[in-house]
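Since this is a predicted model, take the numbers as computed values, not measurements.
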Amino acid sequence: MKLLIVESPTKARKIQGYLGAGWRVMACLGHVRDLPVTKDEVPEKHRALPWARLGVNTAGGYAPLYVVRPGKQATVRELRAAAKAADEVFLAADPDREGESIAWHLSVLLGLKEAQRVTYQEITAAALRQAVAHPRPLDLRLVAAQETRRTLDRLAGYGVSPLLWAAVGGAQSAGRVQSAALQLLAQREQARLAFVPSAYWRVTADVTARPAFRAAVTHIRGTPLAAASSFTSTGHLKPDVPVTQLDATKAGQLVTYLNGRPAEVTAAAVTPVTRRPPPPFTTSTLQQAANARLKLGAAEVTRLAQALYENGLITYMRTDSPALSDEALTLARAAVEARFGPAALPAKPRQYATRNANAQEAHEAIRPAGAFLAPSQTRLAGNELALYTLIYERTVASQMLDAVGEKTTLTLQAGVVTLEATGTRLTQPGFTALYDDEIRDQDDQALPLLEVGSRFPLQNAKAEEKRSPPPARFTEGKFVQVMEKAGIGRPSTFGHTLETLQKRGYVALRRRQLHVTPLGLMIAAYLQGQVPQLVDTAFTAGMEADLDRIARGELTRVAYLDRVWKEELAPAISRAAKAVPAVPAPHVPVVFTPRAGEVQARIGDRSVPLPAGLLLEDLTPDMLPALASGAWTPARDSEGPRKPRAKSAAVKPRRKKAASGSAGAERRPRRKKTPP
DNA sequence: CAGTGAGCGAGCTTCCGCTTGACTT
């Protein structure tokens with residue numbers, strides 16, 4: 001009997017079916033050994049060591065102390081017994097840095113003298129037979145790269161977090177990923193608060209052709225009219241770009257000028273447009289699409305996808321690769337043909353590649369597994385059905401033809417005023433017949449094809465005052481994409497990081513958008529001042545490059561950790577200020593100070609604890625007197641309690657969360673603010 | 001003499017990444 005060990009039990013069952021008799025396939029459920037989390041996990045004889053708390057001997061070559069993870073003893077025992085009974089053992093953890101490390105830890109725990117490592121890119125009978133026929137030794141350089149990553153994360157996390165305990169109080173935390181993520185959110189929040197909106201006017205008129213259409217003023221006497229893009233984030237006009245700025249009076253005069261005036265077509269351009277289908281889902285793009293279309297949070301998407309995976313309906317849901325296996329390409333093309341006919345298929349299958357430099361690509365895209373069941377054949381319901389449908393349609397659409405159309409741009413001249421109208425029309429819907437990811441542009445309309453020189457009177461001219469929008473806050477889905485692009489975190493941890501930031505009270509959700517709390521703002525500012533490396537996304541990018549060098553044997557683990565820990569992080573930690581300086585709110589005369597893990601707000605000469613659930617956008621000049629006297633209460637969330645969740649029968653009861661910010665406020669009867 | 005409570009000091013908190021159930025409320 002031969003033993004094959006993989007990470008996931010679902011995978012193990014499937015592979016057992018392919019390899020059949022003579023094989024036993026078992027799962028190790030991810031990492032089985034790790035650094036100790038707390039001192040209790042350190043074996044008795046090491047507990048008195050000065051580095052027992054870190055689990056890494058910083059004075060002795062950064063030697064890590066590994067222990068079997070609590071809860072994994074039974075797994076290890078079973079694997080040991082199976083290994084003993086087997087003639088041969090094959091280690092088939094995922095083909096990436098973490099997988100190589102898992103295989104190495106197993107080889108140590110199972111006492112394998114010469115470990116046989118096998119990897120495969122897709123789970124088919126042929127690929128597996130090929131893989132087990134060609135085992136290789138463990139790649140110890142790749143293992144060293146993983147150990148470096150693990151060690152650095154421990155040193156940074158356990159090294160910096162105690163600074164926050166001392167400076168802020170309470171169970172605060174910092175880390176390479178969460179602190180960089182927090183900083184990105186804090187920067188966006190501050191950019192929003194510092195943003196000065198600019199007013200500009202949009203003037204439009206109906207052109208009475210057949211059919212009639214609407215055109216917008218672009219120039220007056222050849223000078224462009226100011227639009228959102230004409231202003232900087234501080235509300236000033238961009239220099240060196242001459243524009244005309246209207247006010248209410250001038251806008252009104254322009255309306256009068258246009259009404260009834262003939263406009264002559266001076267240019268008519270038709271350009272072909274093609275749109276390619278979006279690639280199949282990865283973890284991050286699935287989060288983004290499910291958040292935008294189904295209004296699901298990151299944790300909810302993870303949970304639903306896990307259930308679909310365990311039921312054999314989709315492939316593995318933690319992946320950074322958009323690639324489809326040959327088998328999947330064939331099935332997706334068959335699905336296109338069955339539904340839309342052979343004419344809807346491109347001549348060749350479409351293959352997609354990642355554009356993400358840090359991608360490890362150990363798994364393929366998230367797609368329907370097995371027979372590519374149509375959503376109606378699945379017996380799913382509620383959110384599970386909705387998510388499966390999204391995955392199914394995106395996968396199948398990725399193998400359809402481009403959408404083809406034409407964009408028409410008409411330029412008109414009415415006296416001294418230039419107007420423009422654009423419209424896009426699809427001639428071949430292609431993939432959009434199944435999955436349309438385009439957001440409709442408000443200016444998009446059906447345009448007639450007009451001869452240059454033809455004239456039509458203008459009617460119904462209108463002027464609207466517009467405000468340039470501040471940089472948008474992130475939704476959870478959008479922010480997962482931001483993290484992936486910045487290279488911080490991995491598909492298995494994007495959701496986890498967002499949860500941590502919320503659990504610590506650094507970030508809160510309101511109307512599905514991520515807000516940085518005053519506590520989060522204070523902590524980001526402190527870390528930026530004391531340990532700037534930790535909040536810098538470039539730090540992770542540099543780390544990834546160095547880990548690759550370690551994996552290639554061009555750099556040693558100790559040399560790298562000496563440079564990053566001994567020379568940079570450790571000195572910064574030891575000279576860090578033991579107190580958090582007061583942080584001013586960017587937009588109102590309020591100063592935040594820490595007090596026993598909570599935030600105090602100083603308003604003039606008064607200091608009050610900040611009410612739970614108060615976010616930066618709640619701080620307005622109007623409410624400051626009420627806040628200072630303690631009479632301020634949060635306004636109810638305008639969206640009210642969320643409902644759609646309860647509809648689905650397939651959804652398991654969700655775990656209860658500890659005190660969620662606004663829950664208390666929602667139950668309390670609404671009260672008028674008492675005047676100060 | 002037993003029970004209460006103020007006051008004080010000691011110990012704890014924490015990272016990232018890989019994977020599922022087993023637990024409560």
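- In this structure, F494(A) reaches neither bases nor backbone, as no heavy-atom distance under 4.0 Å exists between it and the strands shown.
- Within 4.0 Å of R504(A), counting heavy atoms only, lie sugar-phosphate atoms of the nucleic acid but no base atom.
- Atom NZ of K39(A) is separated from atom P of dC15(B) by 19 Å (rounded to the nearest Å).
- At a threshold of 4.0 angstrom between heavy atoms, the contacts of A174(A) are confined to the sugar-phosphate backbone, with no base atom among them.
- Listed nucleotides dC18(B), dT14(B), dG17(B) differ in distance to R176(A); the shortest reach to its side chain belongs to dG17(B).
- Of the candidates dG17(B), dC15(B), dT20(B), the closest approach to any side-chain atom of S173(A) belongs to dC15(B).
- Contact annotation: T493(A) side-chain N/O to dG17(B) OP1/OP2 distance is under 4.0 Å.
- A side-chain donor from one of Q178(A) and S173(A) sits under 3.5 Å from a side-chain acceptor of the other.
- The side chain of Q306(A) contributes an N or O atom lying less than 4.0 Å from OP1 or OP2 of dT20(B).
- Within 4.0 Å (heavy atoms only), Q146(A) reaches no atom of the nucleic acid at all.
- Relative to the side chain of H31(A), the nucleotides dG17(B), dC16(B), dC15(B) differ in distance, and dG17(B) lies closest.
- Between S8(A) and dT20(B) there is a side-chain polar atom (N or O) within less than 4.0 angstrom of OP1 or OP2.
- In the interface, the side chain of R318(A) is not paired with the base of dC18(B) through any donor and acceptor atom under 3.5 Å apart.
- Here dC16(B) presents its P atom at 9 Å from CG of L501(A), a figure rounded to the nearest Å.
- Of the listed nucleotides (dT14(B), dC15(B), dG17(B)), dC15(B) has the atom at the smallest distance from the side chain of T500(A).
- Q528(A) and Q183(A) form a side-chain donor-acceptor contact under 3.5 Å, judged by distance and modelled atom types alone.
- Neither OP1 nor OP2 of dG17(B) sits under 4.0 Å from any side-chain N or O of R150(A).
- The salt bridge (Lys or Arg N to Asp or Glu O under 4.0 Å) contacts involving residues 68-82 of chain A comprise D34(A)-R69(A), where partners must be two or more places apart or lie in separate chains.
- Residues Y158(A) and W51(A) keep their aromatic ring centres 6.0 Å or farther apart.
- Counting only Watson-Crick or G-U wobble pairs whose defining distances are both under 3.5 Å, DNA chain B contains no stem of 3 or more consecutive pairs.
- Put simply, NE2 on H363(A) is 8 Å from P on dC18(B), counting in whole angstrom units.
- Checking P36(A) against V32(A), the closest nucleotide of DNA chain B that is more toward the 5' end is the one next to P36(A).
- For the pair D96(A) CG and dT19(B) P, the interatomic distance rounds to 8 Å; values are reported in whole Å.
- Using a 5.5 Å limit on the distance between ring centres and a 30° limit on the angle between planes, the aromatic ring of W165(A) does not count as stacked on the six-membered base ring of dT14(B).
- Toward the 5' end of DNA chain B, the nearer of the two residues P9(A) and G170(A), judged by each one's closest nucleotide, is G170(A).
- Using a 3.5 Å distance cut-off with no hydrogens or angles, the side chains of Q287(A) and E484(A) do not pair a donor with an acceptor.
- Heavy-atom neighbours of R379(A) CZ from other residues, nucleotides or ligands within 6.0 Å: at or below the threshold of 12.
- Classified by interplanar angle (parallel below 30°, tilted 30° to 60°, perpendicular above 60°), the ring pair Y316(A)/Y309(A) is perpendicular.
- For Y309(A) and dT19(B), the shortest distance from a side-chain N or O to OP1 or OP2 is not below 4.0 Å.
- L35(A) has its CG atom 14 Å from the P atom of dC15(B), to the nearest Å.
- Using a 4.0 Å heavy-atom distance criterion, G30(A) is classed as a base contact.
- The phosphate of dC15(B) has neither OP1 nor OP2 within less than 4.0 Å of any side-chain N or O from S161(A).
- If you measure from atom CG of L54(A) to atom P of dT13(B), you get 14 Å, rounded to the nearest angstrom.
- Whole-Å rounding puts the L569(A) CG to dT14(B) P distance at 20 Å.
- Atom NZ of K566(A) has 12 or fewer heavy atoms from other residues, nucleotides or ligands within 6.0 Å.
- The interatomic distance linking Q172(A) (CD) with dT14(B) (C1') rounds to 10 Å, in whole Å.
- Residue R154(A) is in base contact, counting any heavy-atom pair closer than 4.0 Å across all strands shown.
- In this structure, T283(A) OG1 and I366(A) CD1 are separated by 4.5 Å, a value rounded to the nearest 0.5 Å.
- For dT20(B), neither phosphate oxygen OP1 nor OP2 lies less than 4.0 angstrom from any side-chain nitrogen or oxygen of R303(A).
- Of the side-chain N and O atoms in R97(A), none sit less than 4.0 angstrom from OP1 or OP2 of dC18(B).
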